[in-house]
Number of protein chains: 2
Amino acid sequence: MRIGELAKLGKVTPRTIRYYESLGLIPPGEREGAGQHRYPEQTVERLQKIDQLKALGLSLDDISKVIHLYFEDPTGKRAKKKVLEMLRGHLAETDVQMALRIQFRSELVVHIQRFEGWLDSHVR
Amino acid sequence: MRIGELAKLGKVTPRTIRYYESLGLIPPGEREGAGQHRYPEQTVERLQKIDQLKALGLSLDDISKVIHLYFEDPTGKRAKKKVLEMLRGHLAETDVQMALRIQFRSELVVHIQRFEGWLDSHVR
DNA sequence: CTCAAAAATGACGTTGACGTAAACATTATG
DNA sequence: CATAATGTTTACGTCAACGTCATTTTTGAG
């Protein structure tokens, strides 16, 4: 199929497909000479898998490191192991970010109280 | 004073000063013809105030909306009122972001457990 | 074979706060 | 007055994931 149909079936835009192709997320569509690209149907599944992984919070860069495993090992076991590692990494990262946000929030509250206090005592 | 000295006293780089000038955070240094810029000493205080506001979590865009108040109204009351409004806005935004992060985190945990479960039951 | 739809290619825009480099101008110093 | 030090201007790079033109080429239908 050509890029337009692939885009519809995969629910993305042609621009996205070309972008993914440039990142190596999907194999480059074959073509005769300098004509148009032709994609096998499997590419649709690939786009769907990419979308699923994005929904897990993985970046395209993360995805590029595991997507091939899904299509080499049909059980998907190796892929899932690797994704699991990544998710655990994101969990740790999320916890760090939350801690920072909590700290930032309490600092914000302190600042706010300081401003409120100053304004109160200077309203006359 | 020239840009180099201002940079030292304000603990920023000349690049930063020019950038702030382009954003209107500090008034354009006067100059005779096409010569070098000359900045009044007050500009140092302005840089310090900008730094303080940045420490409160305000963006340069936020700062551009209040910095002038500090140098029009010497009591700084109007400035502080406006900054207080902004801080309250940031607090609300922070709470939203934290709620999102908490939700994201719990979804992450669910995903992780799902992967762990799948791997457990397929390791034989 | 013609014409319109679809595809390809290239490049700029988005967001924030500057860093860094290059080429040229001005100022200060000995 | 020669030269070093400093300043000015312009512009690209950083980071993610594409959107949005604009121009040229290929393809499928009639």
Side-chain angles (χ1 to χ4, degrees), chain A residues 1-40 43 46-67 86 89-90 93 97 104, chain B residues 1-40 43-44 46-67 86 89-90 93-94 97 104:
Chain A
M1 71 186 79
R2 295 189 296 162
I3 201 171
E5 194 182 349
L6 177 59
K8 270 184 194 164
L9 295 179
K11 290 180 182 171
V12 295
T13 66
R15 176 71 178 96
T16 299
I17 291 174
R18 296 198 180 97
Y19 182 56
Y20 285 178
E21 209 172 319
S22 78
L23 296 180
L25 289 183
I26 59 180
E30 293 177 44
R31 53 180 181 172
E32 311 133 30
Q36 301 179 351
H37 299 255
R38 298 290 171 159
Y39 302 87
T43 309
R46 210 157 165 123
L47 287 176
Q48 290 169 351
K49 183 56 72 179
I50 290 172
D51 191 54
Q52 289 170 23
L53 294 174
K54 278 182 60 178
L56 294 179
L58 299 194
S59 68
L60 295 185
D61 192 53
D62 283 340
I63 295 174
S64 71
K65 294 168 188 161
V66 296
I67 188 67
M86 287 177 171
H90 285 310
E93 178 65 15
Q97 293 301 323
F104 178 71
Chain B
M1 71 186 76
R2 296 189 296 163
I3 201 170
E5 193 182 351
L6 177 59
K8 270 184 196 164
L9 296 178
K11 291 179 183 174
V12 295
T13 66
R15 175 72 179 94
T16 299
I17 291 175
R18 296 198 178 97
Y19 182 56
Y20 286 178
E21 210 172 320
S22 78
L23 295 181
L25 289 184
I26 60 180
E30 294 178 43
R31 53 179 181 173
E32 310 133 28
Q36 303 178 350
H37 297 257
R38 298 291 171 158
Y39 302 87
T43 310
V44 177
R46 210 157 166 125
L47 287 175
Q48 290 170 352
K49 184 55 75 178
I50 290 171
D51 191 53
Q52 288 171 24
L53 294 174
K54 278 183 60 178
L56 294 179
L58 299 193
S59 68
L60 295 184
D61 192 53
D62 283 340
I63 295 173
S64 72
K65 293 168 187 161
V66 296
I67 188 69
M86 287 177 171
H90 284 309
E93 179 65 17
T94 294
Q97 293 302 321
F104 178 72

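Numbers restart at 1 for each chain; the letters A, B, ... are given by sequence-line order, proteins then strands.
From Ile17(A), atom CD1 reaches atom CG of Leu25(A) across 12.0 Å, with rounding to the nearest 0.5 Å. The CE atom of Met1(B) sits 5.5 Å away from the CG atom of Leu9(B) when rounded to the nearest 0.5 Å.
In this structure, of dA8(C), dG19(D), dC18(C), it is dC18(C) that holds the atom nearest to the side chain of Leu60(B). The nucleotide whose nearest atom lies closest to any side-chain atom of Arg38(A) is, among dT27(D), dA17(D), dC18(C), dT27(D). Each of dA17(C), dC18(D), dT6(D) was ranked by its minimum atom distance to the side chain of Arg2(B); first place goes to dT6(D). The side chain of His37(B) approaches dT9(D) more closely than any other nucleotide in the set dA8(C), dT9(D), dG19(C). The side chain of Tyr19(B) sits closest to dA17(C) out of dA17(C), dG7(D), dA8(C).
The CZ atom of Arg15(A) sits 12 Å away from the P atom of dG10(C) (whole-angstrom rounding). Following rounding to the nearest Å, Ile17(A) (CD1) and dG19(D) (P) show an atom-to-atom distance of 11 Å. What separates CD of Glu5(B) from C1' of dA5(D) is a distance of 15 Å, to the nearest Å. If you measure from atom CE of Met1(B) to atom P of dG7(D), you get 12 Å, rounded to the nearest angstrom. We find that CD1 of Ile26(A) is positioned 14 Å from C1' of dC18(D), with the value rounded to whole Å. In this structure, Leu6(B) atom CG and dT8(D) atom P are separated by 11 Å, rounded to whole Å. Across the protein-nucleic acid pair, Ile3(A) atom CD1 and dG28(D) atom C1' stand 18 Å apart, rounded to whole Å. Summarising the geometry, the separation between CD on Gln36(B) and P on dA28(C) is reported as 7 Å, rounded to the nearest angstrom.
The residue among Leu23(B) and Arg31(A) whose nearest nucleotide of DNA chain C lies closer to the 5′ end is Arg31(A).
None of Val66(B), Leu60(B), Leu58(B) except one satisfies the side-chain contact (heavy atoms from CB on, under 4.5 Å) rule with Asp62(B); the exception is Leu58(B). Shown are Glu21(B), Arg46(B), Glu30(B); of these, the side chain to side chain donor-acceptor pair (under 3.5 Å) with Tyr39(B) is made only by Glu21(B).
For the pair Thr16(B) and dG19(C), the criterion of a side-chain N or O lying under 4.0 Å from OP1 or OP2 is met. Distances shorter than 4.0 Å separate none of the side-chain N or O atoms of Arg18(A) from OP1 or OP2 on dT9(C). Residue Lys54(A) has no polar side-chain atom (N or O) positioned under 4.0 Å from OP1 or OP2 of dA16(D). Using a 4.0 Å cut-off, some side-chain N or O of Tyr20(A) falls inside it from OP1 or OP2 of dC18(D). Side-chain nitrogen and oxygen atoms of Thr13(A) include at least one within less than 4.0 Å of the OP1 or OP2 phosphate oxygen of dG19(D).
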List the steps, then state whether side chain to side chain donor-acceptor pair (under 3.5 Å) holds for Gln52(B) with Gln48(B).
-> CA-CA 6 Å; Gln52(B) 288 171 24; Gln48(B) 290 170 352; 5.7 Å; no
